[in-house]
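This report concerns only the one structure given below.
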Amino acid sequence: MKKYLLLGMLIASIQAVAVEYSVNLGLDPYRDTTVSKVSESADIGLSLGGEVTTSKDSWVYGLGAELRTKTNHEDTFGDYSSYPIYGVVKYNFDNFYVLGRLGRAINTNRDVTEKSGNYAGIGLGKSYGNIDAEMIYSSTEIQNYDNDLNLTATPALFNDGSFETFSVKVAYVFGRTIDT
């Protein structure tokens with residue numbers, strides 16, 4: 001019984017501080033990788049993510065993470081994946097909003113020379129009650145640590161390459177605090 005009472009108190013306290021939770025499902029109709037000035041388009045992919053946000057007036061800010069399916073193409077980026085963890089800021093106006101994301105991504109590849117890098121995204125969204133629809137363009141830095149590179153040098157932002165996506169996402173928001 002104590003567990004249920006504590007769980008109820010936790011949920012009540014979360015609602016008291018106006019925290020929203022969202023779960024989103026996305027389709028990436030465009031994915032492109034650029035490494036060493038060679039552009040390689042990748043197959044369409046899916047993503048599953050979540051965000052925890054709070055709002056103040058028209059501003060919404062919080063943290064999020066995303067899991068993406070592998071790129072799945074023949075050349076050097078077969079089985080490549082990028083999993084961003086980011087801070088998010090949204091500005092609401094008339095059920096529409098603009099959003100920005102900034103963070104780091106965990107990049108994986110069967111070729112271990114591509115490591116984690118910076119992540120940035122920008123997009124537009126529209127709220128329909130507790131449902132949000134978003135279009136987001138994002139880019140993830142790929143740091144290429146080949147044997148020929150000087151590993152003590154600080155890499156320039158997106159210098160070695162990037163993994164770019166255009167995503168269409170639908171999110172369900174739990175605990176909506178802004179009247180839509």
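These figures come from a predicted structure and were not determined experimentally.
Every side-chain contact (heavy atoms from CB on, under 4.5 Å) that Y91 has, sequence neighbours left out, goes to S58, W59, F93, V98. Applying the ring pair (Phe, Tyr, Trp, His ring centres under 6.0 Å) rule to Y83 yields no partners; only residues at least two apart in sequence or on another chain are considered. Every side chain to side chain donor-acceptor pair (under 3.5 Å) that S138 has, sequence neighbours left out, goes to R68, T165. For V23, the side-chain contact (heavy atoms from CB on, under 4.5 Å) partners two or more places apart in sequence, or in a different chain, are L48, F174. By the side-chain contact (heavy atoms from CB on, under 4.5 Å) test, I85 is found to be paired with A65, I106, residues two or more places apart in sequence or in another chain being considered.
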For a side chain to side chain donor-acceptor pair (under 3.5 Å) check, start with the C-alpha distance between S127 and D132, then their side-chain angles and the critical distance, and finish with the verdict. CA-CA 4 Å; S127 297; D132 286 351; 2.9 Å; yes
Output, in order, the C-alpha distance, side-chain angles, deciding distance and verdict of side chain to side chain donor-acceptor pair (under 3.5 Å) for T53 and K90. CA-CA 10 Å; T53 57; K90 300 177 183 179; 5.8 Å; no
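Of all non-hydrogen atoms in R31 and L46, the two that sit nearest each other are NH2-O, 3.6 Å. Heavy atoms only, all atoms of each residue included: E164 and S139 are closest at CG-OG, 3.7 Å. Minimum heavy-atom separation, A120 to L102: CB-CD1, 4.2 Å. Nearest heavy-atom pair across S167 and P29 is CA-CD, 4.4 Å. Residues A105 and T140 share a closest heavy-atom pair of CB-CG2, 3.3 Å. Scanning both residues, Y128 and A133, for their nearest heavy atoms gives CE1-CB, 4.2 Å.
Atom CG of residue L63 and atom OG1 of residue T54 lie 11.0 Å apart, to the nearest 0.5 angstrom. For the atom pair CG of D28 and OG of S47, the computed distance is 5.0 Å after rounding to the nearest 0.5 Å. Of the inter-residue distances, the one linking E20 atom CD with S55 atom OG reads 5.5 Å to the nearest 0.5 angstrom. Taken to the nearest 0.5 Å, the OG atom of S22 stands 11.0 Å off from the NZ atom of K169.
Side-chain contacts under 4.5 Å among hydrophobic residues (ILVMFWY), followed directly or transitively, place I136 together with Y97, L99. Grouped with I122 in a hydrophobic cluster is no other residue, since no side-chain heavy-atom contact under 4.5 Å to another Ile, Leu, Val, Met, Phe, Trp or Tyr is found.
A cation-pi contact links R101 to Y86, judged by a cut-off of 6.0 Å to the six-membered ring centre and 45° from its axis.
Here the side chains of K126 and N95 are in contact, with some heavy-atom distance below 4.5 Å. Counting heavy atoms from C-beta outward, F96 and L124 have side chains that stay 4.5 Å or more apart. Looking at heavy atoms from C-beta onward, E66 lies out of side-chain contact with E51 at the 4.5 angstrom threshold.
Annotation: Y137 is not in aromatic contact with F166 [ring centroid separation under 6.0 Å not met].
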